Protein chains: 2
Amino acid sequence: MTQLARTPKDIGHAIREARKAKGFTQKELAARSGVWQETISKIENGVASTKLETLFDLFAALDLEIQVQPRSKGSQSGLEDIF
Amino acid sequence: MTQLARTPKDIGHAIREARKAKGFTQKELAARSGVWQETISKIENGVASTKLETLFDLFAALDLEIQVQPRSKGSQSGLEDIF
DNA sequence: CTGGTTTATGATGCGGAGGCCATAATGGCG
DNA sequence: CGCCATTATGGCCTCCGCATCATAAACCAG
């Protein structure tokens with residue numbers, strides 16, 4: 001369960017997945033992360049380019065972390081190739 | 001060469017590393033990414049919470065990508081344990 | 001030390017992210 | 001089908017990230 005991400009939308013997906021996996025509602029996650037439910041909704045749907053700060057708040061609440069790595073293999077998870 | 005990140009500062013470091021590794025100056029990276037040199041400086045130093053959009057612009061120019069994963073092993077790269 | 005490149009700092013102005021409230025749309029479930 | 005929980009929209013307002021220009025500080029040859 002590790003998600004590759006190259007766009008804000010990818011991040012949104014990853015967050016939604018993780019949240020569901022943990023059985024949280026947006027409201028619950030909001031409470032745990034200090035980020036508002038409305039904002040979470042937007043982020044999960046890729047609306048608006050989130051601030052890193054907010055992102056990490058969510059990651060902390062979901063017990064996620066990020067790994068920065070070279071784009072070795074071209075789009076191996078076979079989803080987006082938008083540009 | 002894959003960097004773990006849990007804070008904006010971590011991201012900044014990763015970017016600086018990657019940039020240096022490619023032998024770019026901030027100015028060059030600025031030209032390639034469309035992000036201003038001054039902004040890159042701030043990001044690399046962890047000043048200000050960057051927008052995801054900007055981040056991905058830089059990642060694209062540096063040929064980097066992100067991986068979202070559970071915080072399995074407790075701080076294995078031995079740097080931050082701030083909270 | 002001196003000059004040139006690279007990086008950092010500072011100020012201004014605009015646009016957009018997110019806090020916040022209200023409400024609409026959606027989705028089970030009995 | 002109505003009812004309640006969950007999620008999505010929209011508006012308002014404040015704050016701050018980034019573009020942009022100018023300049024200072026730090027580095028690094030030579």
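Just so we're on the same page: letters track the sequence lines, and every chain starts at 1. Keep in mind that the numbers below use all heavy atoms, side chains included, and drop hydrogens, waters and symmetry copies. The model shown is predicted, which means the values in this text are computed figures rather than measured ones.
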Can you check each nucleotide of nucleotides 25-30 of chain D against protein heavy atoms at under 4.0 Å and return B for base, S for sugar-phosphate only, - for none, in 5' to 3' order? ------
Heavy atoms under 4.0 Å is the rule here; annotate nucleotides 2-18 of chain C 5' to 3' with B where the base is hit, S where only the sugar-phosphate is, and - elsewhere. ----SBBBB------SS
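Atom-to-atom distance recorded for B/F24:CZ and B/I40:CD1 is 11.0 Å, nearest 0.5 angstrom.
Residue pairs meeting the salt bridge (charged side-chain N to carboxylate O under 4.0 Å, His left out) criterion with at least one member in residues 49-60 of chain A, sequence neighbours excluded: A/K51-A/E53. Evaluation of the salt bridge (charged side-chain N to carboxylate O under 4.0 Å, His left out) test over residues 23-36 of chain B, restricted to residues two or more places apart or in two chains, returns none. Within the structure, the salt bridge (charged side-chain N to carboxylate O under 4.0 Å, His left out) test picks out the following pairs touching residues 36-47 of chain B (sequence neighbours left out): B/R16-B/E44, B/R19-B/E44.
Applying the side chain to side chain donor-acceptor pair (under 3.5 Å) test to A/T2 and every residue at least two apart in sequence or in another chain returns B/Q67.
Across all their heavy atoms, A/S49 and B/L52 have their closest contact at OG-N, 3.4 Å. Taking each heavy atom of A/A5 and B/F56 in turn, the nearest pair found is O-CE2, 3.8 Å.
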Would you list the protein and nucleotides 28-30 of chain C atom pairs, both N or O, that sit under 3.5 Å from each other?
none

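Rounded to 10°, the angle separating the first-five-pair axis and the last-five-pair axis of the helix from C/dC1-D/dG30 to C/dG30-D/dC1 equals 60°.
Hydrophobic clustering (ILVMFWY, side-chain heavy atoms < 4.5 Å, transitive): B/I11 and A/L4 are in distinct clusters.
A donor-acceptor pair under 3.5 Å is formed between the side chain of A/S33 and the backbone N or O of A/L29.
Taking the side chain as every heavy atom from C-beta outward, A/K22 and A/D63 approach each other to under 4.5 Å. Under the 4.5 Å side-chain criterion, counting only non-hydrogen atoms from C-beta, A/I15 is in contact with A/L55.
A donor-acceptor contact under 3.5 angstrom links the side chains of B/E65 and A/Q69, judged on distance only.
If you measure from atom CG of A/L29 to atom C1' of D/dA8, you get 16 Å, rounded to the nearest angstrom.
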